[in-house]
Amino acid sequence: MKNALNKDQQNPMENVDDWEENLLDRYPDPDDITTDKEKEEFRNYVDSERLETVKEFYRINHLYQTYDFVCEKEADFLRFNRKELSVWDAVEFLNTLVDDSDPDIDLDQTQHLLQTSEAIRADGHPDWFVLTGFIHDLGKVLCLFGEPQWAVVGDTYPVGCAFSDTIVYSEFFKENPDYSNPKYNTKLGVYKEHCGLDNVKMSWGHDEYLYQILKDYLPEPALYMVRYHSFYSQHRENSYRHLMNDKDVEMFEWVKKFNPYDLYTKAPVKPDVKALMPYYKELVAKYIPNKLKF
């Protein structure tokens, strides 16, 4: 596997924002969908210029995201021995991930995060919810440590059990070693029914990484939003209800509440970063230490 990874380490997406753009095609704002046919067309993602790029991204993602791969990544990165960064250091790094080829929007990551959090604040949600909107993508600093994008972004899903056919480009799982492994290819795999998502390993990426970094600092609903905001096969398709316990079901209402703010707040109007920063500096300081171990 290591040799294969070295050989096939290419990043089919030039920037993480390619995936963000793809999300808007696959999960459009419900207010913009007028017919079932249009909704199907969006979900199939058949007309975008990014089709081949995104398909290649998921081919590699679905090939290598095995149960053993996730265990290896957790053992490596969850030692948190790479770097000490403040939230603001991480935000500054994310600003280098702007996709200059994006024809629709030229906002850097700070502005995208502010659009998300400001929409949450405008709707009168608690300050920890606002903070979650601002920091939810900070786990993408994995790119800073040389991780390929297929191990940083993308829809997330459980490993260690059968892959749901509701996962985007699920046909590519047929090449994943776990697909034909009887230990992992049944409905429950290595898990017990309703064992709770805390006992389930998710495909490796920025969601789980940031959750593990912040798990001692934020309220439980915020942590669910961070950890599962890319778990579309559950919060859109309800495909893994058999692994969830009652607490998961309760907390996923927050994940569903968060999702529209993440997907549908991108707009070409730039937030006034300078005017907003004092509020966010104070908000970050209220919940999160000055330095975090990454």
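Below, each value reflects all heavy atoms present in this structure, side chains not excepted, and no hydrogens, waters or symmetry copies.
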Asker: Would you be so kind as to tabulate the donor-acceptor pairs closer than 3.5 Å made by side chains of residues 275-288, with sequence neighbours excluded?
Answerer:
from: Y280; atom 1: OH; to: S117; atom 2: OG; distance (Å): 2.8
from: Y280; atom 1: OH; to: E118; atom 2: OE2; distance (Å): 2.6
from: K286; atom 1: NZ; to: D127; atom 2: OD2; distance (Å): 2.6
from: Y287; atom 1: OH; to: D127; atom 2: OD1; distance (Å): 2.6

Asker: Counting only heavy atoms not in E175, do more than 12 fall under 6.0 Å of its CD?
Answerer: no

Asker: Quick one: do L113 and I135 satisfy side chain to side chain contact (heavy atoms under 4.5 Å, CB included)? Show the steps, please.
Answerer: CA-CA 7 Å; L113 294 173; I135 65 175; over 6 Å; no

Asker: For the residue pair Y228 and F252, categorise the inter-ring angle as parallel (less than 30°), tilted (30 to 60°) or perpendicular (more than 60°).
Answerer: tilted

Asker: Could you state the interatomic distance from CD (Q65) to CG (D178), rounded to the nearest 0.5 Å?
Answerer: 10.5 Å

Asker: Taking the six-membered ring for Trp and the single ring otherwise, decide whether the centroids of Y179 and F163 are under 6.0 Å apart.
Answerer: no

Asker: Would S233 and S164 count as having a side-chain donor-acceptor pair, cut-off 3.5 Å?
Answerer: no

Asker: Side chain to side chain contact (heavy atoms under 4.5 Å, CB included) with E220: which residues, sequence neighbours excluded?
Answerer: Y224, K247, M251

Asker: Where is the tightest heavy-atom contact between D248 and G196, given as atom of each residue plus distance?
Answerer: OD2-CA, 3.2 Å

Asker: What's the shortest heavy-atom distance between K140 and V152, and which atoms?
Answerer: CA-CG1, 3.9 Å

Asker: For F231 together with H235, are the ring centres under 6.0 Å from each other?
Answerer: no

Asker: Between R241 and V249, is any pair of side-chain heavy atoms under 4.5 Å apart?
Answerer: yes

Asker: Could you check whether D68 pairs with K201 (Lys NZ or Arg NE/NH1/NH2 to Asp/Glu carboxylate O, under 4.0 Å)?
Answerer: no

Asker: Would you indicate whether the side-chain heavy atoms of K293 and N81 approach each other to under 4.5 Å?
Answerer: no

Asker: For L78, enumerate each residue passing the side chain to side chain contact (heavy atoms under 4.5 Å, CB included) test, keeping only those at least two apart in sequence or located in another chain.
Answerer: E74, F80, W204, Y209, Q212

Asker: Do F69 and W150 have ring centres separated by under 6.0 Å?
Answerer: yes

Asker: Look up atom CZ in F129 and atom CG in L218, then write down how far apart they are to the nearest 0.5 Å.
Answerer: 12.5 Å

Asker: May I ask you to check whether T156 and D207 show a side-chain donor-acceptor distance below 3.5 Å?
Answerer: no

Asker: Which atom names give the shortest non-hydrogen contact between Y157 and H62, and what distance separates them?
Answerer: OH-ND1, 3.4 Å

Asker: For the CZ atom of R121 and the CG atom of L131, what is their distance to the nearest 0.5 Å?
Answerer: 12.0 Å

Asker: Does the ring center of H229 lie less than 6.0 Å from the ring center of Y261?
Answerer: no

Asker: Does any non-hydrogen side-chain atom of P177 lie less than 4.5 Å from one of Y184?
Answerer: no

Asker: After noting the C-alpha distance and the side-chain angles of E193 and L188, does the key distance pass the side chain to side chain contact (heavy atoms under 4.5 Å, CB included) rule?
Answerer: CA-CA 7 Å; E193 191 164 10; L188 291 176; 4.2 Å; yes

Asker: Is the charged tip of R82 near the ring of F77: under 6.0 Å from the six-membered ring centre and within 45° of its axis?
Answerer: yes

Asker: Restricting to non-hydrogen atoms, name the atom on N259 and the atom on R236 that form the minimum distance, rounded to 0.1 Å.
Answerer: OD1-NH2, 2.8 Å

Asker: If I compare all heavy atoms of P221 with all of W128, which pair ends up nearest, and what's the gap?
Answerer: CB-CH2, 3.6 Å

Asker: Please name the pair of heavy atoms, one in S86 and one in K291, separated by the smallest distance, quoted to 0.1 Å.
Answerer: N-CD, 3.8 Å

Asker: So, K73 and E208, do they make that salt bridge, N to O below 4.0 Å?
Answerer: no

